[in-house]
Every structure is written in structure tokens, then in C-alpha cells.
Number of protein chains: 2
Amino acid sequence: MARTTGSDGEKTEAAVREAAVSLIARFGYEAMSMRQLAAEVGVQAAALYRYFPTKEDLLFTLMREHMEGLSAAWEAARPTTADPARRLAAYVRNHIAFHIERRHATHVSNMELRSLSHERLTQILRMRTAYEKELRAVLRDGVETGVFDIDDTGLTAMALIQMMTGVIVWFRPGERLSVAEVTASYLSMTMRLVGARIDTGTGEERHVHEHAQLRA
Amino acid sequence: MARTTGSDGEKTEAAVREAAVSLIARFGYEAMSMRQLAAEVGVQAAALYRYFPTKEDLLFTLMREHMEGLSAAWEAARPTTADPARRLAAYVRNHIAFHIERRHATHVSNMELRSLSHERLTQILRMRTAYEKELRAVLRDGVETGVFDIDDTGLTAMALIQMMTGVIVWFRPGERLSVAEVTASYLSMTMRLVGARIDTGTGEERHVHEHAQLRA
DNA sequence: CAAATAATAAAACAAACGTTCAATTAATTC
DNA sequence: GAATTAATTGAACGTTTGTTTTATTATTTG
């Protein structure tokens with residue numbers, strides 16, 4: 001009826017986060033009750049309020065840290081080269097790897113935005129926009145240097161992100177396709193979609209995706 | 001305190017459906033209360049149960065009819081030609097037009113699947129799979145006749161559908177782009193993505209999307 | 001115009017919700 | 001080993017939830 005033997009705040013908080021991501025991804029934020037979450041962690045509902053003042057604070061924390069993780073992953077993976085095709089390939093690889101690795105958290109961040117207060121929604125959307133801006137910059141550079149052939153960079157960026165993020169909807173590790181195969185296919189599709197080509201100087205044009213695939 | 005003047009079952013039911021789609025799309029199925037829905041319609045909560053036995057029945061009805069509408073739209077739009085490029089273009093046009101036109105209903109059908117019972121979920125997913133199968137068939141035909149160049153038709157079909165459906169996330173009518181412009185861009189991106197080309201008989205290859213754009 | 005039917009309101013139900021509070025015990029500090 | 005702090009329980013709070021029941025009124029039918 002009180003503190004339990006072996007209880008540890010840090011471990012409990014981590015367990016709460018993990019269980020929350022899983023439950024919200026499976027049942028939805030509104031459908032997950034604090035009691036259900038507590039039971040999953042092996043604790044009473046009241047104990048949750050030691051770590052998160054409200055249910056919405058919990059949701060917001062999960063989302064913010066997911067977005068921070070995504071930005072950080074891209075910072076770490078961003079190549080130094082100016083070559084738009086290579087930068088685009090890095091973006092695609094990072095995006096797909098991150099989203100497959102954190103399927104549940106991505107589901108939460110994409111599906112539960114409407115449960116945030118206005119200001120918190122704005123905050124998350126700002127982070128998302130900043131991340132997407134990176135892709136638009138790569139596409140614009142590619143257009144300006146003539147290696148990409150794109151109608152509308154903004155529209156193309158959205159289409160690409162939707163396409164890539166969609167991987168979490170149908171992809172299941174250990175089934176027909178491996179992560180590497182999926183990544184290679186998406187790289188190929190991306191490079192074609194943006195009309196990527198490298199001028200070999202002989203007037204002959206080759207699709208970059210043929211190279212990209214080899215490195216996937 | 002009882003039947004109101006001018007009350008009409010058919011009109012009320014239609015108003016309930018419409019309000020439900022809007023509210024569920026905005027706030028989510030779990031977050032929408034029956035009282036909130038009733039208030040939107042201008043009626044007491046109990047009146048809703050004249051038309052839908054439970055809240056979940058209401059959700060299921062909305063989803064089923066949405067999927068039926070999507071299939072019916074494709075049946076009507078499906079071209080008689082065997083040409084895979086033309087059939088693919090028709091699929092893309094129909095998909096985008098339908099989803100832009102029914103943004104809210106699509107949101108409901110895509111986001112609230114987890115609130116369905118197992119058997120009803122299965123039923124909706126069956127309809128969705130049947131619809132997606134049409135796209136896979138087009139892609140496969142294109143590969144077999146040599147007009148498409150595709151890694152994996154299943155994966156490509158999913159990527160295309162995610163990309164196209166994603167339009168409802170960012171597109172708002174009356175803003176920067178018109179429906180026709182968006183459709184043209186998506187057609188172009190689709191044709192490139194599947195490596196569409198028509199053999200002109202001279203050994204020269206041209207991308208089909210250059211033609212498709214003209215018809216958008 | 002009376003009888004039957006359709007459409008609603010109003011009130012109530014038990015269950016579940018997020019959250020708070022006080023009490024209690026484990027671990028840590030001095 | 002006593003005092004302090006950390007972690008949790010159990011019970012309770014007021015709301016809100018989906019749904020049912022009963023009564024009441026508008027409309028349609030004969």
C-alpha cells in the first residue's frame with residue numbers, strides 16, 4: 001500500500017514512456033486510459049502523476065522527444081557534400097531507418113496531434129516544418145544545379161515525405177522484405193520521382209538511383 | 001419534449017452522418033461524444049439511437065459507405081483500354097479527385113480503424129485491399145508489357161497510394177494550388193516513379209507523364 | 001376526425017474517466 | 001539508527017461517457 005521494494009523512479013518513468021507509446025499507437029490516445037497504462041507498467045494510476053502532471057503532458061513529452069530524435073538523427077546523418085543527389089539519398093535513408101525503427105512513436109506523433117492544446121500543437125508542427133524544410137532545401141538545390149527535374153518543390157517534398165513515412169503502415173520487419181531492400185526500393189523511387197540525373201559529360205544521361213541502390 | 005415540428009427521419013439521419021464525419025475528422029472518434037454530435041445536429045443524444053444502434057455502428061457505416069463510394073468511383077472511371085499507362089493515369093486521377101472531394105471521410109476511414117471490432121475491421125480492410133489490388137494489377141500489366149520499370153509492384157503500389165492519399169494532409173482548396181495543378185503534378189510524379197515510357201519505335205524513349213499532364 | 005405511426009425530448013443508469021489526497025513503506029542520508 | 005526523502009498505494013472526487021426507458025408531440029393514414 002505504499003512504496004514497493006526495488007522501486008526506482010527512473011526505471012518507472014522509462015517504463016511509463018515505453019508502455020504509453022505502445023498503447024497509444026495501438027489504441028489511440030483517447031482510448032488509452034491512465035488506469036490501463038498503469039496496469040501495463042504494473043503500478044497504480046496515481047503513481048503516473050509523479051512523472052507526468054497530466055495525460056496531455058505525457059503525450060506532448062512523447063511527441064516532442066520523438067521530433068527531437070528525428071532532427072538529431074538527421075543532424076548526425078547529414079552529409080557534408082554539396083551534391084544534391086547524395087544529400088537526398090542520405091535524407092531518404094535516414095528518414096526510412098528512423099521511422100522503421102520507431103514505428104510506434106511515429107504513429108503517435110502523426111495520429112494524435114489533435115489531442116494537443118493549440119500552443120503545443122504549434123510547437124510540434126514547428127519542429128516538423130523545420131525538418132521538412134531540410135528536404136525542400138535539398139530539392140531546391142538540385143533544381144538550381146540542374147540535377148533534379150521538379151515541378152513544384154514544396155509539393156514534391158510533401159509527396160516524398162508521405163510516401164516514405166507510409167512505410168510504417170505496411171512494413172513489418174521479418175516479413176517478405178528486409179529493411180535494406182525496402183530502403184533500396186524507396187531510394188530508387190525517390191530518385192526517379194525527382195528526375196535525378198547526372199550529366200556524364202558525353203551527352204548520355206543516367207539515373208542516379210542505379211548508383212544509389214548499390215550503396216543501400 | 002417530443003417530436004418537433006418539421007422533423008423528418010431521412011433529413012435527420014443525413015445530418016447525423018454529415019456532422020459525424022466532420023466531428024470525427026476534427027476531434028477523433030473517441031473524442032467525439034454522442035452529446036456533442038447531437039448538439040451539432042440540433043437534437044438530443046437519445047434521438048441518434050433511432051438511426052444508429054451504437055456509436056460504433058455509426059462509425060462502421062461511415063467507413064463502409066466511404067469505401068463503397070471509392071470502389072464505385074473507380075468502377076465508373078476505369079478505362080476500357082488495355083494501355084497500362086492510361087489505366088494508371090485514370091487510377092491516379094480518380095484517387096486524387098475522390099480523396100480531395102471527401103477529405104473528412106477519408107480521414108475517418110484512415111485514422112479510426114482501430115476503433116472497429118475485429119470482424120468489422122477485417123471487412124473494411126478487405127474492401128481496401130480489393131481497391132489496392134486494382135492498382136497492383138495495372139502496375140503488373142505495365143511491367144509485363146514493358147512500359148513500366150518497377151522493382152516490386154506490391155511495394156510500389158503501397159508507396160503510390162500513401163503518396164496520393166497524403167494529399168489530404170496538406171492540400172486545402174483555394175490556396176496556392178488548384179486541384180488540376182495538384183493532379184497534374186501527382187500524375188507526373190507517378191509516371192516517373194514507375195519508370196513509364198512509350199517506345200516510339202525509333203529507339204527514342206519518352207516519358208508518358210509529358211502527355212498525361214496535358215490531359216489533367 | 002380518429003387511430004396509428006414516426007420522431008423526438010427528458011430523465012435516468014451504471015460504468016469509466018482524469019485527477020487529487022492522505023497514508024504508508026522503501027531507500028537514502030547524516 | 002534516527003531523520004529525511006522517494007515512490008507508491010488505496011480510496012475518493014466530481015464529470016462525463018454511451019445507452020435505455022418512458023412519455024410526449026407531430027405527422028400520416030384510414
Side-chain angles (χ1 to χ4, degrees), chain A residues 1-24 26-63 108 112 114-118 120, chain B residues 1-24 26-63 108 112 114-118 120:
Chain A
M1 330 138 186
R3 178 164 189 171
T4 56
T5 65
S7 59
D8 177 342
E10 282 191 37
K11 286 182 183 172
T12 302
E13 180 170 350
V16 170
R17 286 167 193 261
E18 200 178 330
V21 167
S22 169
L23 288 179
I24 296 174
R26 263 193 291 162
F27 305 115
Y29 169 76
E30 293 282 353
M32 177 198 75
S33 76
M34 294 300 267
R35 287 172 178 82
Q36 188 186 4
L37 172 58
E40 189 83 4
V41 177
V43 98
Q44 290 298 315
L48 302 174
Y49 289 84
R50 201 165 208 281
Y51 307 99
F52 301 97
T54 69
K55 191 185 179 188
E56 196 213 319
D57 275 280
L58 168 57
L59 175 65
F60 177 66
T61 301
L62 297 177
M63 286 187 172
V108 173
E112 307 296 348
R114 57 191 166 200
S115 294
L116 292 178
S117 70
H118 180 67
R120 286 176 159 174
Chain B
M1 329 141 190
R3 179 164 189 171
T4 56
T5 65
S7 59
D8 176 342
E10 283 193 37
K11 286 181 183 172
T12 302
E13 180 170 352
V16 170
R17 287 167 192 260
E18 198 178 332
V21 167
S22 170
L23 288 178
I24 296 174
R26 265 193 289 162
F27 305 115
Y29 169 76
E30 294 281 353
M32 177 199 76
S33 75
M34 295 299 268
R35 285 173 179 81
Q36 187 185 4
L37 172 58
E40 189 84 3
V41 177
V43 98
Q44 290 297 314
L48 303 175
Y49 289 83
R50 203 165 206 279
Y51 307 99
F52 302 97
T54 69
K55 191 184 177 187
E56 196 212 321
D57 275 280
L58 168 57
L59 176 64
F60 177 66
T61 301
L62 296 178
M63 286 187 172
V108 173
E112 307 295 348
R114 57 191 165 200
S115 293
L116 291 178
S117 70
H118 180 67
R120 287 178 158 173

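Quick caveat, the model's predicted, so the values are computed rather than measured. Letters A, B, ... are given to chains in the order of the sequence lines, protein chains preceding strands, and every chain is numbered from 1.
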Return the minimal non-hydrogen interatomic distance between B/G28 and A/R114, and the atom names on each side.
-> CA-CZ, 3.5 Å
Mind checking side chain to side chain contact (heavy atoms under 4.5 Å, CB included) for A/S22 and listing every partner two or more places apart, or none if nothing turns up?
-> A/R26
Find the distance between OH (A/Y29) and CD (A/E56) and round it off to the nearest 0.5 Å.
-> 5.5 Å
Can you tell me the distance, in whole Å, between the CZ atom of B/R50 and the P atom of C/dA9?
-> 12 Å
Identify the heavy atoms of B/T54 and B/D57 that sit nearest to each other, and give their distance.
-> OG1-OD2, 2.6 Å
Value in whole Å for how far the P atom of C/dC17 lies from CG of A/L37 | 12 Å
Could you give the CD-to-C1' distance, from B/Q44 to C/dA12, as a whole number of Å?
-> 13 Å
Among all residues two or more places apart in sequence or in another chain, which pass the side chain to side chain contact (heavy atoms under 4.5 Å, CB included) test with A/T5?
-> none
Show me the side-chain donor-acceptor pairs of residues 11-18 of chain B shorter than 3.5 Å, one per line, residues at least two apart or across chains.
from: B/T12; atom 1: OG1; to: B/D8; atom 2: O; distance (Å): 3.0
from: B/E13; atom 1: OE2; to: B/R17; atom 2: NH2; distance (Å): 2.7
from: B/R17; atom 1: NH1; to: B/E65; atom 2: OE1; distance (Å): 2.4
from: B/R17; atom 1: NH1; to: B/E65; atom 2: OE2; distance (Å): 2.9

N/O contacts under 3.5 Å, protein versus nucleotides 17-21 of chain D?
from: D/dG18; atom 1: OP1; to: B/M32; atom 2: O; distance (Å): 3.3
from: D/dG18; atom 1: OP1; to: B/K55; atom 2: NZ; distance (Å): 2.8
from: D/dG18; atom 1: OP2; to: B/M34; atom 2: N; distance (Å): 2.9
from: D/dG18; atom 1: N7; to: B/R35; atom 2: NH1; distance (Å): 2.9
from: D/dG18; atom 1: O6; to: B/R35; atom 2: NH2; distance (Å): 2.8
from: D/dT19; atom 1: OP2; to: B/Y49; atom 2: OH; distance (Å): 2.8
from: D/dT19; atom 1: OP2; to: B/K55; atom 2: N; distance (Å): 2.8
from: D/dT19; atom 1: O5'; to: B/Y49; atom 2: OH; distance (Å): 3.4
from: D/dT19; atom 1: O4; to: B/R35; atom 2: NH2; distance (Å): 3.4

Separation of atom CG in A/L59 from atom P in C/dG18, rounded to whole Å | 13 Å
Produce the list of close N/O pairs, under 3.5 Å, pairing protein atoms with atoms of nucleotides 27-30 of chain C; give distances to one decimal.
from: C/dA27; atom 1: OP1; to: A/G6; atom 2: N; distance (Å): 2.8

Heavy atoms under 4.0 Å, any strand shown: does A/F52 hit a base, just sugar-phosphate, or nothing?
-> nothing
Grab the CG-P distance between A/L48 and C/dT20 for me, whole Å please.
-> 13 Å
Could you tell me whether A/K55 and A/E112 have a side-chain N and a carboxylate O separated by less than 4.0 Å?
-> no
What side-chain donor-acceptor pairs closer than 3.5 Å can you find for residues 36-51 of chain B, not counting sequence neighbours?
from: B/Q36; atom 1: OE1; to: B/S33; atom 2: N; distance (Å): 3.4

